[in-house]
Amino acid sequence: MDKVYNHKDVEERIYSEWEKKGYFKPEINPKGKPYCVILPPPNANGALHFGHAMFTIEDILIRYHRMRGFSALWLPGTDHAGIETQFVFEKKLKAEGKSRLDFDRDTLYKMIREYVDEHRGGIESQLKRLGFSLDWSREKYTLDPGIVRLVYKTFKKMHDEGLVYRGYRLVNYCTFDGTSFSDLEVVNTEAEGLLYYIKFPIKTGGYITIATTRPETMVGDVAVMVNPKDKRYKEFVGKTAILPMVDREIPVIGDEYVDMKFGTGAVKVTPSHDFNDFEIAKRHNLNFPPIIGMDGKMQNAGVLDGLYVKQARLKTLEILREKNLLEKEEKHKMVLRTCYKCKNVLEPLPLEQWFVKVDGLRKKAIDVIKKGKIKAYPKNFENQYFQWLENLEDWNISRQIVWGIRIPAWKCSHCHRDKNEWIVTDGSKPEKCPNCGSKKLEQDTDTFDTWFSSAQWPFATLTPLTMGFHEDVVPQVLKGKTKTYRLRDYGFKAGDKVLFENTQSQKLFGYGVIKQVEETTVEKIDYKDKTHFKTYESLGELIVAFKLRNPDKIVTPQSKAYLYTYESHPLKELENFPNDYKKFYPTDVMETGYDILKAWVSRMVMVGLYITGDVPFKHILLHGLVNDPYGKKMSKSKGNVINPLELVDKYGADSVRFALVYGNATGNDQSLSFPKLEAARKFTNKLWNMARFIDMKRKDVILNEVKDLDSSSVSRRTQNDILRVVQNKKDKEMIEETQKLAEEVTQDLEKYNFNFAAEKLYEFAWHTFADKYIEDVKNRIDENSFLVLSFLFLVQLKLLHPFMPFVTEEIYQRFNFGKSIMIDTWPAFA
RNA sequence: GGACCCGUGGCUCAGUUGGUAGAGCGUCUCGUUUACACCGAGAAGGUCAAAGGUUCGAGUCCUUUCGGGUCCACCA
């Protein structure tokens, strides 16, 4: 053994060995109780950051449970990250002097897909560098056809059950990025603005002065509003005011909403461009004239038409000054709603969008936590969860971007154009309008909010793939037919295990393993064959026949088709089918940064409960953020971002992992600490040298006869076996202390007190075991004390393995003739 | 406006149901060079932000104040 532990010689080799041997698969413990953690999917296009490095906690849990004999699954996946990714791509386009507007929808989508595909895989290899024992064979992607189909299904179910509706509402719209955002994506920034006092003449004489921060929207005003209790304005309520800019007559109305103490106690009402005014206008039955377009320019606004909002404001003020209607302006602190991507001010614009009714969903989501069906750690985060859900407004799930899952809703351009009636399907284009039979159907151009698909992640990733067959085909499959043409790309790859579903009855009738998938083209379309599925199945030449009246709308002789080769099994053997959903759902822990508790965790609970009827996970475990060494949040704009991989290179994955866990209470933020990393690295070296010492003594004392060095348990029995032969008092004490350590570490892990466990292990290994015991045993070593020494050391390695997988594995194998520590058993006690 | 987190030795932070203050780094003294100088033995250093309360006893529970940070919220 070298004098110094060098992680670079070890980590990559060990990781690929683990992977090759299939140690990351739950099947390694086929009879164990299921234990499952789903990895929060990183952006497929992104790079590793400290949020990901904190997933060390998940690896600790998984490795611990795997060693305890659980059938442990840690399932990886990546997210297409709609807006994020499209934004990055548009920046790239901009650098090339192009814009998204230069391309049609399909081309743009294809370009982004190719761009992402190029970069995919990067994040996976980076996660591997950290030693994460993820089952890569089960890796998922939010745009996998199987996942997408489930998302469609969810949307359709919500639509059919009235949970999804199309609403004409004000949305937070970024006129620069060209999309709307949910409330959660809005960044409120404080700004020093001006409050303008503007006189509105009253038709019958006198005037009311209103205070506003947005004079330019005046042309869209429909009323002047005061508090009905306000004595100053009581006489005006019900009278008519003249809108200064355009000399339109508008009513003066009374509404308790108005704060008498603010400004002048009188406000203007602009329903189409202010969230409050929108609600007020509904209450008072007023109109909603929109005067700002999607491009951020004024429209239907007379002289202001074509101006950007900022220009329009100046123009308006100019006109008001001319008319002597601008009384004064004063400084005013206000909160601007800005775009979290481009930082520009968001415009409230009236748009038709898809919304999810959250009322019923959130009640259940609150309930499961209140009743303890889901527990949060640390518990104080439950308050945040409740507070957010209790105040939740309906969820806007449409985004006006192309990168994402396109909403499976169609509109008939023949009969329904103005009626706002949508045909929602499970993904396939409807044949015809159910009302008029027209085939002129247009799909909604919007895509789903990324969180809408990721809200389904826990069950979507576990749900088996299904391949649909028509009823007629079922008997053939059961008779052992092994090939089928499909017109739809199911996204299967060789090795995928697939359930066969009867598309009419929706019932499963068999399962199979995909052997091969070949892309081909339709050769011939046969309209005559009414029992078309026989033809459909025929091999050799691909002939497709249809019952549809006008199949050429969908399939042409050049259309793509897919030949699936599989091996099939009948339904009665279905128990053998590895159904992850059945086995692992609900998952055990959802571990993630507390910053996405609301955006993601609460939505997973809502949607998970809705679709599966069960909670998506039993525990929510939240970790804090990793700040820079000076305690400041890492951000690209500040330029203080540190790439965890650099640290892995320098200190080794074990050290990075250990440093992130050691001395950090669960859920608390921490600052990156180089001294801590250094200390962790020294610790790996200490372990290495302890091993070196024992290795040398082995040669001295035991003469290489240590084959039965079984450390698989510190159970009472084993302990007694050793105690029987052990005479030395110090040896006996050490056995008891190690026993106690194993017990405490186990309990700390059960309680998610990772820092306690790490601290105890560090303290014990270094300052008790090495400094005291080894020093003591050094000069009196004999066969018995050597047995105790090496045995107890290996117990500590096991306890440390979830935290520092590489160094523990490397040492362990040297003592156990290549036997892996990660699939060995956890030290038992009691 | 509401909620949450943090304020413990020079620095970064632990402190698990309240029971005489801990670690790493740094500093100082001494030692060892066949497990490890990425080492060992030892030392100095804290009125636990402040005040009040509960208690036999509070860093730990309660109240208030001050300082740092985060999240949420439609006051024009």
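Here is the naming used below: chain letters follow the sequence lines, and residue numbers restart at 1 for every chain.
When rounded to the nearest whole Å, the span between CD1 of A:Ile210 and C1' of B:rA76 equals 8 Å. For A:Met1 and B:rC36, the CE to C1' distance is 11 Å, given to the nearest whole Å. One can place CD1 of A:Ile781 at 11 Å from P of B:rA35, the figure rounded to the nearest angstrom. One can place CG of A:Asn753 at 13 Å from C1' of B:rU17, the figure rounded to the nearest angstrom. When rounded to the nearest whole Å, the span between CG of A:Leu625 and P of B:rC6 equals 14 Å. For A:Glu390 and B:rA73, the CD to P distance is 14 Å, given to the nearest whole Å. The NZ-P distance, from A:Lys760 to B:rG15, rounds to 11 Å in whole Å. Following rounding to the nearest Å, A:Phe674 (CZ) and B:rC38 (C1') show an atom-to-atom distance of 18 Å.
A:Asn668 comes within contact range of the sugar-phosphate backbone alone, with a heavy-atom separation under 4.0 Å but no base atom that close. Using a 4.0 Å heavy-atom cutoff across all strands shown, A:Phe693 reaches at least one base atom of the nucleic acid. If you check every strand for non-hydrogen atoms under 4.0 Å, A:Ile774 touches a base. Residue A:Val258 is in base contact, counting any heavy-atom pair closer than 4.0 Å across all strands shown. A:His767 comes within 4.0 angstrom of sugar-phosphate atoms only, judged by non-hydrogen atoms across all strands, and of no base. A:Asn755 comes within 4.0 angstrom of the backbone, heavy atoms only, and of no base.
Comparing B:rG59 with B:rU8, their C1' atoms are spaced 7 Å from each other, to the whole Å. A distance of about 29 Å separates the P atoms of B:rA73 and B:rC61, rounded to the whole Å. Across the P atoms, B:rC30 and B:rG15 are found 37 Å apart, a figure rounded to whole Å. With both ends at atom C1', the span from B:rC28 to B:rA44 equals 7 Å, rounded to whole Å. Nucleotides B:rA50 and B:rG9 are separated by 11 Å at their P atoms, to the nearest Å. Annotation: B:rG42 and B:rC5 have their P atoms spaced 40 Å apart (nearest Å). Comparing B:rU16 with B:rC62, their P atoms sit 14 Å apart, to the nearest whole Å. Here, B:rG67 and B:rA35 have their C1' atoms 49 Å apart, quoted to the whole Å.
For the pair A:Gly663 and A:Pro675, nearest-nucleotide mapping onto RNA chain B gives the more 5' position to A:Gly663. Sequence order on RNA chain B of the closest nucleotides to A:Ala691 and A:Lys772 puts A:Ala691 first from the 5' end.
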- Item | For RNA chain B, the dot-bracket pattern of Watson-Crick and G-U pairs whose distances stay under 3.5 Å, | for other-strand partners | ((((((((.[[[[.)...(..]]]].((((((....).))))).....[[[[[..)....]]]]])))))))....

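Closest approach to the A:Ser673 side chain among B:rC74, B:rC71, B:rU12 is made by B:rU12 (side chain taken as heavy atoms from C-beta onward). Side-chain proximity of A:Tyr257 to B:rC71, B:rG15, B:rA76: nearest is B:rA76. Comparing B:rU16, B:rU12, B:rC36 by their nearest atom to the side chain of A:Lys778 picks out B:rC36. Side chain of A:Lys682, nearest nucleotide from B:rC36, B:rA14, B:rC25: B:rC25. Counting only heavy atoms from C-beta on, A:Glu759 has its side chain closest to B:rA14 among B:rA14, B:rC4, B:rC36. In the set B:rC38, B:rA14, B:rC74, the nucleotide with an atom closest to the side chain of A:Asn276 is B:rC74. Comparing B:rA35, B:rA76, B:rC72 by their closest approach to the side chain of A:Asp259 singles out B:rA76. Residue A:Glu775 has its side chain nearest to B:rC36 when only B:rC36, B:rU16, B:rC5 are considered. The A:Trp766 side chain lies nearest to B:rC39 when the options are B:rA35, B:rA76, B:rC39. With B:rC13, B:rC39, B:rC36 as the choices, the nucleotide that has an atom nearest any side-chain atom of A:Ser671 turns out to be B:rC13.
Judged by distance alone, with hydrogens and angles left aside, A:Lys686 brings a side-chain donor or acceptor within reach of the base of B:rC36, the pair sitting under 3.5 Å.
Checked by atom type and distance alone, the side chain of A:Arg313 never pairs as donor or acceptor with a backbone atom of A:Glu216 at under 3.5 Å. Looking at A:Gln670, its side chain never comes within 3.5 Å of a backbone N or O of A:Asn664 through a donor-acceptor pair.
Using a 4.0 Å cut-off between a side-chain N of Lys or Arg and a carboxylate O of Asp or Glu, A:Glu737 and A:Lys740 do not qualify as a salt bridge. No salt bridge links A:Asp669 with A:Lys633; every basic N to acidic carboxylate O contact stays at or beyond 4.0 Å. Remark: A:Lys772 does not engage A:Asp776 in a salt bridge, criterion side-chain N to carboxylate O under 4.0 Å.
Take A:Phe803 and apply the ring-ring contact (aromatic ring centres under 6.0 Å, His included) test, not counting sequence neighbours, and it matches no residue.
In terms of phosphate contacts, A:Arg692 brings a side-chain nitrogen or oxygen within less than 4.0 Å of OP1 or OP2 of B:rC36. Listed pair A:Arg337 / B:rC74 meets the phosphate criterion, a side-chain N or O lying under 4.0 Å from OP1 or OP2. Phosphate proximity of B:rA3 to A:Asn391: absent, as no side-chain N or O sits under 4.0 Å from OP1 or OP2. Residue A:His7 has no polar side-chain atom (N or O) positioned under 4.0 Å from OP1 or OP2 of B:rC38.
Relative orientation of the A:Phe683 and A:Trp766 rings is parallel, given thresholds of 30° and 60° on the angle between their planes. Ring geometry, A:Trp600 versus A:Trp451: the interplanar angle falls from 30° to 60°, so the pair is classed tilted.
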- Task: Report the C-alpha distance between A:Asp230 and A:Arg232 in whole Å, list the side-chain angles of each, state the deciding distance to 0.1 Å, and finish with yes or no for salt bridge (Lys or Arg N to Asp or Glu O under 4.0 Å).
- Result: CA-CA 5 Å; A:Asp230 196 328; A:Arg232 293 172 293 181; 2.8 Å; yes

- Test salt bridge (Lys or Arg N to Asp or Glu O under 4.0 Å) on A:Glu678 and A:Lys676 and set out the steps. CA-CA 5 Å; A:Glu678 196 62 47; A:Lys676 208 154 85 176; over 6 Å; no

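A cation-pi contact links A:Lys370 to A:Phe386, judged by a cut-off of 6.0 Å to the six-membered ring centre and 45° from its axis.
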